[in-house]
Amino acid sequence: MNKHVKNLAPETTDLSRRSFLVGTAATGLVLGYAGSGIDQALAAPAAANFEPSVWYAIAPDGLVTVTCGKADMGQHVASTMAQIVAEELGANWKDMRVQLASNDPKFNDPVLGAQITGGSWSTMMNFDAMSRAGAAGRIALTEAAAASMGVPASELVVRASTISHPKSKKSMSFAEVVKSGKATKTFTADDLKAIKLKSPDQYTMIGVSVPQLDIPLKVNGTAKYGIDVMLPGMVYGALVTPPVRYGATVKAVDDSAAKKVPGFIRAVTLDDKTTTTTGWVVAVANTYANAKKAAAALKIDYDGGPNAKLSSESLLTEAKRLQGLSDSGQFFVKDGDPNAAFGTAAKVLEAEYTTNINIHAPMEPMNATAEFKGDILHIYSGNQFATRSGAIAAGAAGIDPKFVVMHQMWLGGGFGRRLDADMMVPAVQAAKAVGKPVKVIYTRENDMTMDFSRPLTYQKVKAGVDGDGKLVALSHDVVSAWPTQRWGIPDFLSPSVDKKGPLDAFTVNGSDFFYTVPNHYVRAIKNEMAHNATPSGQLRSVAPGWTFWAVESMVDEIAHATGKDPALLRVELLDGKGKNDGGAQRLRNTLLAAMGLAGYGTKQLPKGEGMGVACVSSQERATASWTACVAHVAVAPSGEVTVKKLTVATDVGTQVNPDGIRAQVEGAALWGMSLALFEKATLKDGGIEQTNFDSYTPLRMSQLPEVAVNVIANGEKATGVGEPAVTVVAPAIGNAVFNAVGARVRGLPITAEAVKAAMKA
Amino acid sequence: MPNLNINGRNMSVEAANDTPLLWVIREQLQMTGTKFGCGAGLCGACTVHLNGEAVRSCQTSVADAVGKKITTIEGLSAKGEHPLQKAWVAEQVPQCGYCQSGQIMQAAALLSKNTNPTKEEVVAHMDGNLCRCMTYSRIQKAIMRAASDMRTASATGSERRAT
Ligand code: FES
Ligand code: FES
């Protein structure tokens, strides 16, 4: 996390003014912050339908339901939150349940002060709050049990949802204590802070691979995703999106043919004051099949707008032009004076690295269901950023955001795509126009061509090495669209080192690595043309997905130019001097672990095969999970690359659920491989050319390499695992290809043609 | 009004003959376990069984399903305890879970004919089913586990019959 992303809504994050309450409400024991609804719940114990509106509630039957304010898109974060609560609460895992939060600010992230899920932040930032919530519940239950049993609370033992008094052999279950109605206690913020949490050696739940609570629902078809929402009287919307990604306008809509489609209700041309979409029309009908037929029958006349002629080539040409200007961009890192150091360097290397546009394509296409009920707009959609998406829905409806209720659903994949709120706009405006609840479902074609994609990036890196082969200077320019600036939330931007105004650090994170380089510049340069033509988003791992592609390729190039082993050069650069102390050593250890596990340098490989290494401190300097990869590849004479094995090591500090972490790291590593080799989107005439899984082709089972995931848990604070492994794989593969056949490829994805061309060169 | 036999029940639905079976199952019959992923036969999220064969319901018209036995994830087993479903839990396969109904239905068609598939047979049979969360290695493990459980069950079953 960038240091400044702290107080998105300061008034909701200041917990010091609140008390943490534990008490018995009508439906059981509830725990949460005062002012978050719990106090009202306690004041009105007779309320028949008390909605558990805080972090968790214990019902009189002893079931503990944790409310997760994070979007669960397959990382099992709801289950993880329950696991952290259960550890301190002393609950039996089989008594734990989870539910998903609404957008009520009381469910805001305790650190971020908003509802946003990303950055691999959730476990890291909620670990303490959930632990303390769990502990507060245990203390309250224990004191109540002590009163009932007539014994000192200090003599009680809490285990597996049971509180027992070993001396007298008395015991009470959580259910019995809750039923007794005696659990009532107020915790101030200071009380909460003063609670002594367990030390890791006392853990019985953290570090155990308990079964994820959401998995049973996902093997029998009962998990409800946004696309599965059914409301009484609901009708369906199918989109017609323009041939241009952004900037087109609708000149005229002829619905005469659509009117002949049975069940057709009407076509709604969006009037999107939030500027999230341009030129979209929704065909509304009684079924989705009919809505699609009607959509196909609409004849729409467009003005293509200012971006209608642009292509990937134009965006790249513009990026190069901007990079060439001395006053472009803002500085993200400015240490020493690389330009002076280049003058005295023994050797200077220069290289350009590129990545193409990439599409999120979660398996569940974008969708949203909107319903106006009285003054309230209800939105049903799986979303990663309820705080902002609710505001966009409100903007589309022309109402105040406080009248929007977002109903969170399980997400059929997120990967950053569902941080965006475009799907709210057609659902809201169609529902308003037809006076009925409307579910809008994107076709895969809508989903791909209107993705808030990973931007096309262009990076230029220049490195200077002194006479002893020491890296003394590095200058690194990163040119891209600025995905986070698009949100219009100043708190998400970072001040530039050269005070030239805020920059989007989510385009350069990772370039502020843990290598010691005395003279180091990083410039963040916004490609305005790409920014406008291909509104970009956060794609799993965000900037480190491209910055480490450049940095980790360049480090290898330096090693080869100076006759050093690339892995050992990294060890040398990770000397832990100055500001790199701590992180550098952890990264070095992780790299050494991966090297050992892969047998790096110990094996004689056949001709055409090679191993390559990379190591990263993704996601951000302040929130890094230390991750290293050794890729073992075979390269055919045609240039085709086959990945034989990925050995990944990652230092995550503390693991909550080891099996869950392995699943995330493996998925992330395979994402990294898919982006490195198989996924490429292109812009032509202002539109994304790839429309479905025949032309945009993520990794399939037949392309699966052997993946060895090794998790280092050294007792440091828990870090995130959903993304870092994405970023380490592409450079490891690129470096392996070089070691296999001497071909240096500097553009992603690495295609057979590019490898073949580089082999000849 | 076409008549469908779905998960052992006969149901009449109101839909034009060319309507994809997928949308009839999801919207009219409100069985939402079968998912929409691509609408073009490229992802497998919509996989159901027609007379025991795995088919893409987005590419199957309602008319083509008339007179055949349709099985969806909801009908694969009465209590969600098909050996594959148990294996999917044991191996903790799903991440987002969205592709998994289709994966399980696709795998079930394989195991109904062959409870001893090789890894290559599994890959060839499953390659049309995308998983964007990339749970492929766990899918493979779960299929192998379920296959072995089915072999054990039928071995003990025949022993019992023999005695
Ligand atoms: S939705 Fe039918 S194959 Fe993708
Ligand atoms: S589990 Fe998410 S797509 Fe397969």
Side-chain angles (χ1 to χ4, degrees), chain A residues 72-76 209 211-212 214-225 227-228 230 236 262 287-290 292-293 360-365 410-415 441 443-445 659-660 663-664 666-671 673-674 692-694 698-702 704 706-707, chain B residues 15-16 18-20 22-24 26-28 30-40 42-43 45 72-74 76-77 79-82 84-86 88-90 92-102 104 122-124 126-140:
Chain A
D72 201 318
M73 43 199 157
Q75 81 284 41
H76 308 300
S209 296
Q212 309 284 6
D214 54 318
I215 282 186
L217 319 174
K218 293 174 174 176
V219 303
N220 63 16
T222 58
K224 293 284 178 232
Y225 301 84
I227 202 169
D228 301 329
M230 300 285 172
Y236 293 83
T287 67
Y288 186 60
N290 287 340
K292 269 184 67 178
K293 273 190 195 166
H360 295 82
M363 287 311 298
E364 179 195 11
W410 297 105
L411 278 64
F415 316 118
I441 305 171
T443 58
R444 179 55 66 186
E445 289 76 10
D659 185 65
Q664 280 304 295
E666 177 166 335
L670 293 173
W671 257 78
M673 174 174 157
S674 192
N692 210 320
F693 293 119
D694 48 353
L699 179 142
R700 287 180 183 267
M701 191 184 276
S702 55
L704 186 69
E706 185 184 347
V707 184
Chain B
D18 64 347
T19 310
L22 169 66
W23 297 110
V24 173
R26 286 183 51 82
E27 287 175 12
Q28 282 200 38
Q30 305 231 339
M31 295 180 191
T32 55
T34 304
K35 301 302 189 199
F36 164 60
C38 69
L42 298 166
C43 79
T72 68
I73 187 73
E74 289 88 352
L76 182 62
S77 80
K79 290 199 183 130
E81 287 180 346
H82 186 280
L84 280 164
Q85 289 170 308
K86 286 193 195 164
W88 243 246
V89 173
Q92 296 279 287
V93 174
Q95 289 189 25
C96 83
Y98 194 80
C99 72
Q100 301 293 353
S101 297
I104 291 171
V122 168
V123 171
M126 300 301 297
D127 210 31
N129 286 66
L130 268 174
C131 174
R132 189 54 160 152
C133 301
M134 314 270 176
T135 63
Y136 300 118
S137 71
R138 291 186 184 213
I139 289 172
Q140 285 177 355

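Every chain is numbered from 1, with letters handed out A, B, ... down the list of sequences.
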Any idea which of [options] has the most non-hydrogen atom pairs under 4.5 angstrom with chain A?
{"options": "Ala15(B), Ser137(B), Ser101(B)", "answer": "Ser137(B)"}
{"options": "Gly128(B), Gly97(B), Gly33(B)", "answer": "Gly97(B)"}
{"options": "Ile139(B), Leu130(B), Val93(B)", "answer": "Leu130(B)"}
{"options": "Lys86(B), Lys35(B), Met126(B)", "answer": "Lys35(B)"}
{"options": "Asp127(B), Ile73(B), Thr72(B)", "answer": "Asp127(B)"}

Backbone of [Y] reached by a side-chain donor or acceptor of [X] within 3.5 Å:
{"X": "Gln92(B)", "Y": "Gln212(A)", "value": "yes"}
{"X": "Tyr98(B)", "Y": "Gly74(A)", "value": "no"}
{"X": "Glu27(B)", "Y": "Tyr288(A)", "value": "yes"}
{"X": "Gln100(B)", "Y": "Val219(A)", "value": "no"}

Please flag which part of [X] lies under 4.5 Å from any non-hydrogen atom of chain A: side chain, backbone, both or neither.
{"X": "Asn129(B)", "value": "backbone"}
{"X": "Ile104(B)", "value": "side chain"}
{"X": "Ala16(B)", "value": "side chain"}
{"X": "Thr135(B)", "value": "neither"}

Contact class of [X] relative to chain B, heavy atoms under 4.5 angstrom:
{"X": "Leu670(A)", "value": "both"}
{"X": "Ala223(A)", "value": "backbone"}
{"X": "Ser674(A)", "value": "side chain"}
{"X": "Pro211(A)", "value": "both"}

TODO: Identify, with sequence neighbours excluded, every residue that meets salt bridge (charged side-chain N to carboxylate O under 4.0 Å, His left out) alongside Glu81(B).
DONE: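 By the salt bridge (charged side-chain N to carboxylate O under 4.0 Å, His left out) rule, Glu81(B) matches no residue at all.
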- [ ] Taking salt bridge (charged side-chain N to carboxylate O under 4.0 Å, His left out) as the test, write out the residues that go with Asp694(A), two or more places apart.
- [x]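 Applying salt bridge (charged side-chain N to carboxylate O under 4.0 Å, His left out) to Asp694(A) gives none.
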TODO: Show the numbers, then the answer: is there a side chain to side chain contact (heavy atoms under 4.5 Å, CB included) between Arg444(A) and Leu42(B)?
DONE: CA-CA 11 Å; Arg444(A) 179 55 66 186; Leu42(B) 298 166; over 6 Å; no
Between [X] and [Y], which heavy-atom pair has the shortest distance, and what is it?
{"X": "Cys99(B)", "Y": "Met363(A)", "value": "CB-CG, 4.4 Å"}
{"X": "Pro94(B)", "Y": "Ile215(A)", "value": "O-CD1, 3.7 Å"}
{"X": "Pro365(A)", "Y": "Gly37(B)", "value": "CG-O, 3.8 Å"}
{"X": "Lys224(A)", "Y": "Thr32(B)", "value": "NZ-OG1, 3.0 Å"}
{"X": "Pro698(A)", "Y": "Arg132(B)", "value": "CB-NH1, 3.3 Å"}
{"X": "Tyr225(A)", "Y": "Cys96(B)", "value": "OH-O, 2.6 Å"}

Between [options], who has the most heavy-atom pairs with chain B when the cutoff is under 4.5 Å?
{"options": "Met701(A), Lys293(A), Glu666(A)", "result": "Met701(A)"}
{"options": "Ala361(A), Ser702(A), Ala669(A)", "result": "Ser702(A)"}
{"options": "Asp214(A), Ile227(A), Leu411(A)", "result": "Ile227(A)"}
{"options": "Asp659(A), Asn220(A), Thr287(A)", "result": "Asp659(A)"}

Any side-chain heavy-atom pair from [X] and [Y] closer than 4.5 angstrom?
{"X": "Phe36(B)", "Y": "Ile441(A)", "result": "yes"}
{"X": "Trp671(A)", "Y": "Cys133(B)", "result": "no"}
{"X": "Thr222(A)", "Y": "Glu74(B)", "result": "no"}

Open item on the list: Here's a test for you: under side chain to side chain contact (heavy atoms under 4.5 Å, CB included), which of Met73(A), Gln75(A), Gln664(A) qualifies with Gln95(B)?
Closed with: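 When Met73(A), Gln75(A), Gln664(A) are each tested with Gln95(B), the side chain to side chain contact (heavy atoms under 4.5 Å, CB included) holds only for Gln664(A).
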